[in-house]
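Beneath this line is the structure, given in structure tokens, with notes to follow.
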Amino acid sequence: MSDQTPRFRRVLDQFAGYKPGKSPSAGTGKSYKLSSNESPYEPLPSVQAILADAAAYINRYPDNTAAELTAAIATRFDVPPEHVAVGCGSVGVAQQLLEAVGEPGAEVVFAWRSFEAYPYLTDLAGATQVRVPLAEDFSHDLPAMADAITDRTRLIFICNPNNPTGTVVRRAELEDFLDRVPGDCLVVLDEAYVQYIRDRDVPDGIELYRTRPNVAVLRTFSKAYGLAGLRVGFLVGHEPVADAVRKTMLTFTVNSLAQAAAVASLAAETELLERVETVVKERDRVRNELLSQGWTVPQAEANFVWLPLGERADDFAESCHLEGVSVRPFAPDGVRVTIADPEANDAFLAAAATCRHLM
């Protein structure tokens with residue numbers, strides 16, 4: 001028998017894939033998972049009813065074109081259906097984009113730290129990562145990102161609000177940046193948390209895309225719409241961009257239940273956004289309490305808060321874990337804490353207060 005093993009791409013030797021949020025240690029008491037940016041609310045009854053009906057047909061393949069969902073998205077955001085493409089969450093659409101632009105020599109620019117999928121998806125697409133450090137306030141350093149653009153730059157990610165820091169890019173600075181980007185370079189505004197923004201100076205990416213052919217927007221149904229388990233996201237971009245994303249989509253990647261639930265969620269958006277407002281109020285409460293405890297916490301515009309703890313990130317996360325609360329460490333930078341229901345948030349605040357005395 002040969003002792004040889006199958007050969008794979010060399011990039012996999014240094015590859016670090018996505019790591020899901022850690023589940024808490026229940027111990028002898030109740031536990032709370034604040035390590036993944038999920039909605040604390042179950043789907044609305046109207047959405048659950050649609051899912052129950054759709055489940056009777058899962059012996060059939062889903063509509064690969066997602067025609068009904070595409071039409072619903074186009075109507076909701078007043079864009080042509082040809083400008084919409086769907087995928088397995090916004091991260092799935094990001095992968096489709098990178099597969100469309102990635103090849104040896106192509107560069108992908110993004111802030112760091114930002115969404116942790118950008119680096120490994122870029123590697124898998126065969127492109128070269130260009131990481132630009134965040135500014136001192138933990139937001140995107142757009143002038144530095146503009147300076148990083150070369151004739152090899154194919155795509156630029158701007159995560160707004162930024163995951164995991166929760167900071168935002170405002171209109172004037174974003175428009176100045178876009179004016180510096182060559183027309184053949186695609187700028188992707190990743191707006192997975194857009195519904196949680198309350199800063200009036202932050203622009204709606206879909207409004208910006210309308211007059212800029214090299215701007216596209218990513219959105220998801222995982223966060224505010226509460227469909228994280230079904231994995232459906234979408235892109236709004238001009239027809240050449242959306243067409244490229246559709247070409248790189250894995251066949252039947254958005255299942256029939258996901259399509260049905262997303263359409264139903266758009267129809268129930270007003271009711272869903274009432275839940276978002278509750279999360280926003282809890283977010284502000286948690287941040288204010290953390291500040292009163294003495295922690296540094298940047299202004300948050302997503303459904304989480306960020307503690308820039310540096311090398312202490314893992315120790316803080318472990319201390320919370322022992323208290324039955326899981327949070328997400330990003331060593332050596334900081335810790336992200338998802339906002340949940342008041343009981344879970346209170347448990348985290350108690351754990352943070354305990355940890356404050358130890359650190």
Side-chain angles (χ1 to χ4, degrees), residues 18 20-21 32-44 47-48 51 69 72-73 76-77 84 86-95 114-118 157-169 188-199 202 204-206 217-236 254 257-259 261-284 286-287 299-306 326-328 330 336-341 344-345 348:
Y18 181 82
Y32 305 91
K33 184 183 178 186
L34 306 184
S35 54
S36 297
N37 290 333
E38 303 158 331
S39 170
Y41 303 107
E42 63 184 17
L44 292 171
V47 177
Q48 293 188 44
L51 282 169
L69 175 57
I73 293 169
R76 166 61 182 84
F77 296 102
V84 177
V86 300
C88 181
S90 56
V91 66
V93 184
Q95 182 176 24
S114 190
F115 183 35
E116 62 187 297
Y118 297 156
F157 282 113
I158 296 178
C159 192
N160 200 29
N162 186 44
N163 178 15
T165 65
T167 53
V168 290
V169 172
V188 179
L189 305 178
D190 188 344
E191 296 184 341
Y193 304 93
V194 66
Q195 293 90 353
Y196 301 97
I197 296 173
R198 294 299 178 268
D199 186 331
V202 180
D204 182 329
I206 292 179
V217 181
L218 296 181
R219 299 276 179 94
T220 182
F221 286 91
S222 296
K223 314 301 181 185
Y225 295 96
L227 301 181
L230 287 176
R231 313 305 304 128
V232 54
F234 63 95
L235 170 141
V236 174
V254 183
L257 294 180
Q259 292 185 39
V263 171
S265 294
L266 283 174
E269 192 172 51
T270 299
E271 188 176 357
L272 283 167
L273 293 182
E274 292 176 1
R275 294 177 166 186
V276 170
E277 193 60 37
T278 300
V279 172
V280 168
K281 291 177 180 177
E282 277 294 289
R283 175 193 71 198
D284 294 343
V286 169
R287 177 174 182 264
Q299 179 63 48
E301 294 291 342
N303 69 333
F304 53 84
V305 294
W306 173 251
S326 68
V327 297
R328 188 67 173 271
F330 291 93
R336 188 193 69 197
V337 184
T338 302
I339 301 301
D341 57 66
N345 298 333
F348 162 68

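Since the structure is predicted, the reported quantities are computational estimates derived from the model, not experimental observations. This chain uses plain numbering: 1 for the first residue, then up along the sequence.
- Residues forming a side chain to side chain donor-acceptor pair (under 3.5 Å) with E301 (at least two apart in sequence, or on another chain): none.
- For F221, the ring pair (Phe, Tyr, Trp, His ring centres under 6.0 Å) partners at least two apart in sequence or on another chain are Y225, F234.
- Applying the ring pair (Phe, Tyr, Trp, His ring centres under 6.0 Å) criterion to F348, with sequence neighbours excluded, gives no partner residue.
- Applying the side chain to side chain donor-acceptor pair (under 3.5 Å) rule to R219 yields the partners E191, D204; only residues at least two apart in sequence or on another chain are considered.
- Taking the salt bridge (charged side-chain N to carboxylate O under 4.0 Å, His left out) definition, one finds that D199 meets it with R170, sequence neighbours left out.
- Residues N37 and R328 have side chains that never bring a donor and an acceptor to within less than 3.5 angstrom of each other.
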- Task: Please test L272 against V47 for side chain to side chain contact (heavy atoms under 4.5 Å, CB included), starting from the C-alpha separation and ending with a verdict.
- Result: CA-CA 11 Å; L272 283 167; V47 177; 5.6 Å; no
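- A search for side chain to side chain contact (heavy atoms under 4.5 Å, CB included) contacts involving R287 returns L291, V297, Q299, V305, not counting sequence neighbours.
- Every residue was checked against the side chain to side chain donor-acceptor pair (under 3.5 Å) condition with S265, not counting sequence neighbours, and none meets it.
- When the salt bridge (charged side-chain N to carboxylate O under 4.0 Å, His left out) test is applied to E277, the partners found at least two apart in sequence or on another chain are R198.
- The side chain to side chain contact (heavy atoms under 4.5 Å, CB included) check on E38 picks up K33, S36, with sequence neighbours excluded.
- The side chain to side chain donor-acceptor pair (under 3.5 Å) check on S90 picks up nothing, with sequence neighbours excluded.
- By the side chain to side chain contact (heavy atoms under 4.5 Å, CB included) test, A267 pairs with no residue at all, sequence neighbours left out.
- A344 is linked by a side chain to side chain contact (heavy atoms under 4.5 Å, CB included) to Y32, L34, A340, D341, counting only residues two or more places apart in sequence or in another chain.
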